[in-house]
Amino acid sequence: MHARSVVYGLGTFLLVSGLYYHLRPRWSTVTEPRFPSAVFGDPAVLDDEVWDARALKVREAFQHAYHGYEKYALPHDELKPVSNERIDNFNGWGVTLYDSLDTMLLMNLTDEFERAVAVLETATFTLPEFPKYKYAPFFETVIRYLGGLLSAFALSKNPILLQRADDLARRLDPVFNSPSGFPYFGVNTNTGKTHGPEIGILAEIATLQLEYTYLGKATRRPQHAKRAIDIIHLLSKADLSRTGGMLPVQWSVSTSEPTDGHVSVGAQADSAHEYLLKQYLLTGSKDRVNVEMYLRTTTYIITQLMFISPHRHLAYATDRLSTKEGHPGRPSHVFEHLSCFLPGLLALGAHTLPLNDLKSIGIDFASLHTGSVAQEGYNKIRYYLSDLKQLHLWAAESLAETCWLIYADQPSGLGPEEVLFVSSWESGQETLWIDAMNRWKVQGGVGSPPGLAAKLPVVYTGEDGLAGKAQGRDYSVKKPSYLLRPETIESLYLLWRITGDLKWRERGWWIFQSIERETKTPSGYSSVGTVEMSPANHDDTMPSYFLAETLKYLYLLFRNDDPLPLDKWVFNTEAHPLPIFELTAEEKKRLGWPF
Ligand code: DMJ
C-alpha cells in the first residue's frame, strides 16, 4: 500500500510542484510557496523517524494544554487559555480531565493519568448549588464524561473507572422517563428532576448506543444495555418515508416520530448518523437493523445532500431545510466544519462493510429503498451498484478534499466554522455531486471523478473579502471562527489509515503547524475569532474536545504503529475508543439483546 503511494506520490509531486510555481494564485495575499507537499503528499517525507518526531510534537502540545488546565482550571471544566481563568460549562465536574483520560493512556502519560484518577476517585456527580447548574445536559455528559471513563477503563482496566461510569449512568437514568423513552435534554443529578422540551434534537436523543451497550456488557447490567436497545427500536420503526430513510433533525419525545423534514449531516444531527455504522461495528457486525439504517442514510446523503461547486469543483454536503410532498426541500448550501466528520465515516463504512456483496450479510440493497424519495436515490446510483464501495470512497475523498482546502485557503491555515457555497446559492445553478458523477461515467469516466482532483489553495484575507476581492473560491466564509474542532483531522486520520495515501498525513501535519502557530498561548491553545487573518485573534476558550479529539487524532495520524486498529476499536463521537466485541449467547440472554 505504501509502495504504491510512493510511486504515485512521486510522479504527482514532480508534476504538480512544477505546475504550482507557474500556476500559484497571484491574487493571493499570502504568496510563499507553502502548499505543494501538503496538497499532494511529499514522498521525501517517508522516513518513520520524521513521523515519530511529529507524533512527539503532538504529545508535547497535549502536555502543554493539559498542564495549563491542571494549573489554572482543575477541578473546573475548561481553561480559558488567554486570561488563565476557568469556566464551568459542562456540570462543573472537570470535563477536560474526563475527556483527556484515554489520550493520556495512548500517549503513555502515566503521571498525568494517575493524578487524574486520584481526582475522579472521589467524584460524586452531584451538581453544585448554583442556579446555573439546574441540570446536566444528557448528550454532552454521555459523550464526554461517560465516553471518557469507559474508554479509559477499556485501555487501563482500572475498575474505578467502570464504577464511576456505572454511577454516572445511574444518576442520568431519569432522562429516559419520557412518554416514548427518548431521553430528555437533561436531568438534575441531585434530585432526578428532568428538564427538556417536547421536541428533541436528533443528535441529542440518538447518541448513546455505543456508550450504553459497552457499559451494559462491561458491568453485566441489563438496564444499561436496554437504553441502547430501546433507542435503536424507536429509530428503526419511525416513519421516514418523507426523507428516504434518513433521520430528520427534530423528533417528538412523546410520540417518537419526526416533527419536521429538515435533514442535515451537520449540527444537531451528525453523531446520530455516525452511530448507525459504529453501533453495528462495535457489536461485532451482526446487527442488521443499524447497518440497514446506515445504508439508507448514505444513499440519501450521496444523492440528495452532496453538491459540487461550479468553478473549483469542490464537493460539499449541506442540509435541506424541509422536505415537502415527497420531494426533498431546498438545500441551504452551507457547509459546516462539523460536517467534516462525514468523509471519515464514509471511508470507514467503505472499509468495513461488504458494500459490493451486501447479500453476504443478508441484505437486499434494492429492497431497502422503498418509497418515492428512497427509490429516486437508488435510481441515481444505478451506475455504481456493482461497486458501491468505490462510490462511497470517492464521496469520502472528494468531501475530504474540500474540508482540507477550506483550511488551506485561509491566511491562518485554520478552517472556518461555516462556509456558504455562494455560487450555487445565488445562481440557483446547483449541481448534485451524483449528477456530475453520472455525467462523468456516461462520458467514459476519463480523468479524476468530480471533486477528487487535488487543487491549489486560493488565499484571501478578511480585508480582501470586505473589498469584494475574495472571488473565485466558489464559497464565502459565513462563520469565520475556528473552535479547535476535530472533524477534519478525524477524517484525515481515517483516510490515511484506510487508503495509505500520504497526502492525508501531510495535510494533517500542515494543519498542526497552523494550530501551533496561530492558537498557542502561554498556558494552552485558544479558539480564534477569525481564520481570515494571521496572526489570528484568540477568543480565550479551549474546549475539552481539543484534548479528547483534535490532539488524539493528530497523534494517531503521525504514529507509525497502529495502537487502535479499525477492526478492533470503534471511536465514540468524542474520539473515545471502545473495543469491538461480540456478545455470547449467555450475555445476549442476560442483557435482553435482540439483534
Ligand atoms: C464534539 O464534542 C463531538 O464530536 C460532537 O459529536 C460534535 N462535535 C464536537 C466537536 O466539534
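We count ligands from 1, going down the list as the structure has it; atoms in each ligand are counted the same way.
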H337: heavy atom below 4.0 Å from ligand 1, yes or no? no
Please work out, at 4.0 Å between heavy atoms, whether the side chain, the backbone, both, or neither of P486 comes within that distance of ligand 1. side chain
Show which atoms of ligand 1 fall inside a sub-4.0 Å distance from at least one heavy-atom site of T573. 3 (C), 4 (O), 5 (C), 6 (O)
How are the rings of F512 and F558 set to each other: parallel, tilted or perpendicular (split at 30° and 60°)? perpendicular
Atoms of ligand 1 close to R144 [distance to a heavy atom under 4.0 angstrom, numbered from 1]: 2 (O)
Determine whether the side chains of E518 and S412 contain a donor N or O and an acceptor N or O closer than 3.5 Å. no
Atom of L551, atom of F62 and distance for their closest heavy-atom approach: CD1-CA, 3.6 Å
Heavy-atom pairs closer than 4.0 Å: do any link ligand 1 to the side chain of L483, the backbone, both, or neither? neither
Minimum heavy-atom distance between A267 and S264, given as atom pair plus value: O-OG, 4.1 Å
Please state which protein non-hydrogen atom is closest to atom 8 (N) of ligand 1 and give its distance, to 0.1 Å? E487 OE2, 3.3 Å
Return a yes/no value for R485: is any of its N or O atoms, backbone included, closer than 3.5 angstrom to an N or O of ligand 1? yes
Using ring pair (Phe, Tyr, Trp, His ring centres under 6.0 Å) as the criterion, point out the one residue from F176, F185, Y184, F90 that pairs with F138. F176
Measure the acute angle between the ring planes of Y316 and F307, then classify it against the limits of 30° and 60° as parallel, tilted or perpendicular. parallel
Nearest neighbour in protein (non-hydrogen) for atom 2 (O) of ligand 1: E574 OE1, 2.6 Å
Using a 3.5 Å cut-off on N or O atoms only, is D270 in polar contact with ligand 1? no
Is the closest heavy atom of E549 to ligand 1 under 4.0 Å? yes
Indicate the atoms forming the closest heavy-atom contact of A315 with W433, along with that distance. CB-CD1, 4.1 Å
Assess the side chains of Y525 and E516: does a donor N or O sit below 3.5 Å from an acceptor N or O? yes
Should Y545 be counted as touching ligand 1, given the test is an N or O pair under 3.5 Å? no
